[in-house]
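Remarks on the structure that follows.
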Amino acid sequence: NIVDLETGHCRAARMAPRKRPRGSSPPPPQAARLVLTGGTEPLPSRMLHFWQKGQFCDAEVQAGGRSFSVHRLVLASKCEFFEAAFGAGMAEGNSARVELQMSAGTLEAALSFIYEGRCEVGEEELVQLLQAAHFLRASDLVDAAVAEVQSRLTPQNCCGALGLAEAHSLAPLAVAAQEMALRQFEACAASDGFGGLSYAQLSTLLADDRLEAREEVVHAATVRWVGSQQPPPAEAELPALFSLVRYPLVAKEYLEATVL
């Protein structure tokens, strides 16, 4: 309380308004980082120390405007691509410099896995790392990336994963993505990636006895797929595709209202 010197009365003190200090808002959440391990043992600690300090390196690998000092023997022993690139008679072998068409972050993660047996990537970078590992023919990193992609399969992304697997001949991922699509066909067919299936991929799903969905759903999904294709499928292909829908199992009312 404050005493008024003119009246002698007490009055309550007014508190100054509290101001929120600038910069007090919480920082935005950071994207999850994935840790990939398995299949390969880290190099001896001394060798790791030499790489981290850039000592005794005899080659450079470049990507995304950055250059990384490496040991040719290490990379050649872990990746078939580098074994060929640093081999006798190739330009890269003579210059000890290799330039790759990938992001610097992807290459850095791949090198970490080669040297340390582990690496960290953002979830949005996982597919890029898998593609890079396939290009480098780094089998242990391919296996680790495939396992991570498989653990994150959902009905919404399994179509894209199936395309990725077939493009890079990744049989285990193809099997896992196909099984997800068969078990969760209705949700899969409603996803953005469903239209990206090839004619052969969709035909394989529709012909599989393990497909779990009502035939009304299968018919509607097939119609939507045909309508999403640019250019449209050849007219001659459509009868074979729709013959995979089991129309005897379709409800009569739906058949009369929608199909006939």
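In this structure, the side chains of Tyr247 and His219 come closer than 4.5 Å at one or more pairs of heavy atoms.
Classification of Glu60 and Arg97 as a salt-bridged pair holds, one side-chain N sitting under 4.0 Å from a carboxylate O. With respect to Arg118 and Glu116, no salt bridge is recorded, no charged nitrogen being found less than 4.0 Å from a carboxylate O. Electrostatic pairing of Glu83 and Lys78 does not count as a salt bridge here, judged by no charged N lying under 4.0 Å from a carboxylate O. Here Glu123 does not pair with Arg33 in a salt bridge; the nearest charged N to carboxylate O distance is not below 4.0 Å.
Within 6.0 Å of CD in Gln62 there are more than 12 heavy atoms belonging to other residues, nucleotides or ligands. Atom CG of Asp58 is surrounded by more than 12 heavy atoms from other residues, nucleotides or ligands within 6.0 Å. No more than 12 heavy atoms of other residues, nucleotides or ligands shown are found within 6.0 angstrom of CD on Gln101.
Rounded to the nearest 0.5 angstrom, Leu197 CG and Trp225 CH2 are separated by 8.5 Å.
Residues Phe194 and Val245 share a hydrophobic cluster, clusters being chains of Ile/Leu/Val/Met/Phe/Trp/Tyr side chains in contact below 4.5 Å. Note on Phe185 and Leu241: same hydrophobic cluster, where clusters join Ile, Leu, Val, Met, Phe, Trp and Tyr whose side-chain heavy atoms are under 4.5 Å apart, directly or indirectly.
With hydrogens and angles left out, the side-chain atoms of His71 and Tyr115 include a donor and acceptor closer than 3.5 Å.
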